[in-house]
Amino acid sequence: MRQCKGWSVVLLMLLGLEAVAQKLPTRDEGLFHMQIRDKTLFHDSSIIPDGAEISGYLFRDTPKRYYFVVEEDNTPLSVTVTPCDAPLEWKLTLQELPEEASGEGSGEPEPLEQQKQQVTVDDGTELFNYKGNDVESYVATNTPSGLYQLELLSTEKDSNFKVYATTTPESDQPYPELPYDPRVDVTALGRTTVTLAWKPTPTGSLMGQPVQYCVVINKEHNFKSMCAAEAKINNDDAFMLAPKPGRDFSPFDFMHFGFVPSDNGFGRDRGLTSNKISRAYTAKPKASDIQKVCIGNKNIFTVSDLKPDTQYYFDVFAVNSATNTSTAYVGTFARTKEEARQKTMELKDGKVSDVFIKRKGSKYLRFAPVSSHQRVTLFVHTCLDAVQIQVRRDGKLQLSQNVEGVRQFQLRGKPKAKYLIRLRGSRKGASTLKVLATTRPSSKQPFPSLPEDTRIKAFDKLRTCSSVTVAWLGTQDRNKYCIYRKEVADNYGEEQRRREQNQCAGPETRRKSEKVLCKYFHSPNLQKAVTTETITGLEPGKTYLLDVYVVGHSGHSIKYQSKLVKTRKYC
């Protein structure tokens with residue numbers, strides 16, 4: 001009994017604390033939880049509590065030492081160290097103490113430095129050492145009583161770590177147990193999805209402990225611990241921030257036991273953060289494209305929204321929700337399938353091509369002039385909604401913008417250059433358009449020119465029971481204009497009119513009975529480029545849909561915006 005008291009006194013002398021050490025082998029749970037609640041016991045100390053995981057921080061090339069006491073011989077012991085940010089060097093030693101430190105002294109307190117010198121006069125007996133970034137443990141079934149020292153060192157950079165020590169390893173079982181096959185399997189692979197499956201941990205199914213699974217996805221490498229993954233997600237600040245110079249720093253995170261930080265700024269000043277895992281928690285993606293998703297107790301998960309033809313690394317962690325401790329499965333990696341290769345339409349020099357694009361779809365066009373050229377002229381005529389166009393010359397982007405109506409683009413040429421045109425459709429619906437590419441400098445515009453305003457105006461005061469008068473704008477180019485009419489129901493709405501508003505559908509698609517007339521028109525002065533027409537032979541009180549087509553020299557036509565008119569019912 002004297003020996004037991006001696007080890008407790010030595011530890012308290014070493015740490016300069018006026019508290020009683022817990023009896024580790026036969027831990028009094030009430031005393032243990034009381035001590036855990038007493039922040040003064042662990043604040044700014046190097047005690048490792050029995051049966052609790054602590055988080056710590058190392059400055060580069062600055063070793064840190066932790067101590068704990070085993071008070072009875074033949075006591076089992078387990079110490080687990082989890083590196084987070086960088087590989088660690090750590091060793092466990094059993095310290096030798098001089099006789100006068102055994103508790104038989106006068107009881108008079110000695111200066112702290114003298115106490116530490118007494119403990120560190122001998123390096124002690126080294127029991128275990130390790131260097132690397134794996135989660136490594138020292139396990140012994142029988143250990144002698146004594147003062148144990150754990151020394152940790154990070155030579156690469158400042159780093160986070162975790163330590164767990166217990167004298168009752170068989171009953172504690174803090175970390176979820178892995179199944180007999182701890183591998184993560186890829187069961188399905190797509191262009192943007194990967195389905196993962198793994199065998200459940202016995203900790204949840206057999207032992208009844210609250211276990212959930214967290215999946216980590218990234219493009220760089222697999223992780224050996226949740227600690228390492230979260231350090232990467234949070235810019236190396238997964239569990240604790242680096243303490244400010246000159247500030248006190250406690251390696252023990254009380255929030256692991258569910259305590260709320262006090263208002264005195266203890267947690268805030270020292271950078272302590274809680275890592276309790278919520279059921280549907282998703283970590284915020286960083287620039288490195290790393291994500292963490294906790295999915296409950298399911299052991300099948302489909303990762304979505306991935307990029308095609310890209311390699312990803314997948315890690316699964318079994319997490320004890322009560323203690324927040326975790327165990328890593330053997331991670332895997334997979335490359336998503338390539339994006340489906342789209343057929344490329346070949347454009348012929350000077351020929352108009354009709355293009356159809358599905359809703360939200362894309363279409364690729366290729367133009368490869370057979371002769372040397374200085375310039376390429378590209379004409380695009382969208383028939384319905386606006387489309388997005390991208391043009392690359394030999395892989396280099398030359399043009400990217402949205403196009404609506406008729407547009408002409410001039411591209412600088414290059415000998416033997418090839419042009420790839422990507423057209424992306426609208427979200428509203430399918431798109432149709434006409435495209436022409438040419439290297440001929442004297443080529444005439446294949447599509448007729450249009451004014452900025454393509455509406456048809458109806459004059460209400462000129463309406464009669466059998467006629468309506470309309471007007472529309474022209475251009476300085478002499479073009480042919482054809483006007484058509486069609487009787488529609490009184491409830492003819494905007495949606496029906498939009499479906500028929502295909503600017504690429506020419507007069508050839510109309511019935512001969514719907515044709516009113518065709519005429520040529522232009523004006524050198526744009527301010528006077530307007531024409532009117534009175535449409536006769538209509539019935540009283542009827543609704544008509546009017547369309548004006550402008551036809552170019554090459555025969556291609558463009559339709560103005562349709563107009564609904566109604567004749568007077570009584571005259």
Side-chain angles (χ1 to χ4, degrees), residues 352 354-355 377-389 399 401-410 423 426 428 431-438 442-463 467-486 494 497-510 514-535 544-566:
V352 176
D354 294 308
V355 181
T377 305
L378 180 67
F379 298 96
V380 179
H381 177 201
T382 61
C383 306
L384 293 171
D385 296 311
V387 299
Q388 185 187 62
I389 181 172
L399 171 69
Q401 60 180 266
N402 290 331
V403 176
E404 189 171 12
V406 178
R407 293 291 301 274
Q408 174 181 332
F409 302 100
Q410 296 289 337
L423 301 169
S426 167
K428 298 178 181 178
S431 303
T432 58
L433 60 156
K434 294 179 180 291
V435 179
L436 179 144
T438 181
S442 59
S443 293
K444 292 183 179 181
Q445 160 73 275
F447 305 108
S449 57
L450 287 173
E452 291 185 4
D453 190 346
T454 59
R455 293 177 297 176
I456 300 172
K457 179 175 175 58
F459 298 96
D460 184 67
K461 293 182 179 180
L462 300 179
R463 278 192 310 141
S467 68
V468 293
T469 300
V470 295
W472 64 91
L473 298 178
T475 66
Q476 293 174 322
D477 298 327
R478 188 172 184 270
N479 289 317
K480 180 182 178 181
Y481 296 87
C482 296
I483 187 166
Y484 285 74
R485 71 179 186 191
K486 182 174 72 171
E494 287 294 326
R497 185 169 67 172
R498 182 188 175 280
R499 285 199 296 266
E500 298 183 11
Q501 191 61 32
N502 186 343
Q503 288 191 334
C504 296
E508 67 277 1
T509 62
R510 305 296 296 263
E514 297 175 349
K515 182 178 180 180
V516 177
L517 59 86
C518 290
K519 68 177 183 180
Y520 286 90
F521 164 71
H522 78 288
S523 175
N525 185 354
L526 284 178
Q527 301 296 328
K528 298 180 179 180
V530 59
T531 184
T532 62
E533 193 64 44
T534 299
I535 303 169
Y544 293 88
L545 184 70
L546 303 183
D547 288 306
V548 171
Y549 298 88
V550 54
V551 184
H553 299 289
S554 60
H556 294 289
S557 62
I558 301 175
K559 186 172 71 170
Y560 278 54
Q561 297 179 41
S562 301
K563 180 68 177 179
L564 278 174
V565 295
K566 188 174 183 178

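For this chain, numbers begin at 1 and follow the sequence in order. Just so we're clear, the structure is a prediction, and the values are computed from it rather than from any experiment.
- Proximity of H556 to F379: side-chain heavy atoms (C-beta onward) are nowhere separated by under 4.5 Å.
- Between V403 and T382, the shortest heavy-atom contact is O-CG2, 3.5 Å.
- For the pair Y560 and V550, the minimum side-chain heavy-atom distance is below 4.5 Å.
- Other residues, nucleotides and ligands contribute only 12 or fewer heavy atoms inside 6.0 Å of the CD atom of E452.
- R455 is linked by a salt bridge (Lys or Arg N to Asp or Glu O under 4.0 Å) to D453, counting only residues two or more places apart in sequence or in another chain.
- The minimum heavy-atom distance between Y549 and A505, with the atom names listed, is CE2-O, 3.0 Å.
- Checked options V548, I483, V565; the residue passing with I456 is V548 (criterion: side-chain contact (heavy atoms from CB on, under 4.5 Å)).
- The structure places CD1 of I558 at 4.0 Å from CG of L450, a figure rounded to the nearest 0.5 Å.
- When the salt bridge (Lys or Arg N to Asp or Glu O under 4.0 Å) test is applied to K528, no partner is found at least two apart in sequence or on another chain.
- Every residue was checked against the side-chain hydrogen bond (donor to acceptor under 3.5 Å, both in side chains) condition with Y484, not counting sequence neighbours, and none meets it.
- Within the model, atoms NE2 of H381 and OG1 of T432 stand 8.5 Å from one another, a figure rounded to the nearest 0.5 Å.
- Applying the salt bridge (Lys or Arg N to Asp or Glu O under 4.0 Å) criterion to R463, with sequence neighbours excluded, gives D460.
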Checking side chain to side chain contact (heavy atoms under 4.5 Å, CB included) for the pair L546/R485: CA distance, chi angles, key distance, verdict? CA-CA 5 Å; L546 303 183; R485 71 179 186 191; 3.7 Å; yes
Is there a side chain to side chain contact (heavy atoms under 4.5 Å, CB included) between F447 and V352? Walk through the geometry before answering. CA-CA 10 Å; F447 305 108; V352 176; 4.3 Å; yes
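- Of all non-hydrogen atoms in G506 and S557, the two that sit nearest each other are CA-OG, 3.2 Å.
- The nearest pair of heavy atoms linking A458 to K563 is CB-CE, 4.0 Å.
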Contacts table for residues 470-482: side-chain donor-acceptor under 3.5 angstrom, sequence neighbours left out:
unit_1	atom_1	unit_2	atom_2	d
T475	OG1	S449	OG	3.0
T475	OG1	D477	N	3.2
T475	OG1	D477	O	3.4
Q476	NE2	P524	O	2.7
D477	OD2	S449	OG	2.9

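- You'll find the side chain of R407 stays beyond 4.5 Å of the side chain of I389, heavy atoms only.
- Taking every heavy atom of both residues into account, K519 and T532 meet most closely at NZ-O, 3.2 Å.
- Distance check: F521 CZ to E533 CD gives 11.5 Å after rounding to the nearest 0.5 Å.
- Among all heavy-atom pairs drawn from S431 and S426, the shortest one is OG-N, 3.5 Å.
- Rounding to the nearest 0.5 Å places OG1 of T534 at 9.0 Å from CZ of F459.
- With sequence neighbours excluded, the residues satisfying salt bridge (Lys or Arg N to Asp or Glu O under 4.0 Å) with K434 are D354.
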Evaluate Y544 against V468 for side chain to side chain contact (heavy atoms under 4.5 Å, CB included), listing each step before the verdict. CA-CA 10 Å; Y544 293 88; V468 293; over 6 Å; no
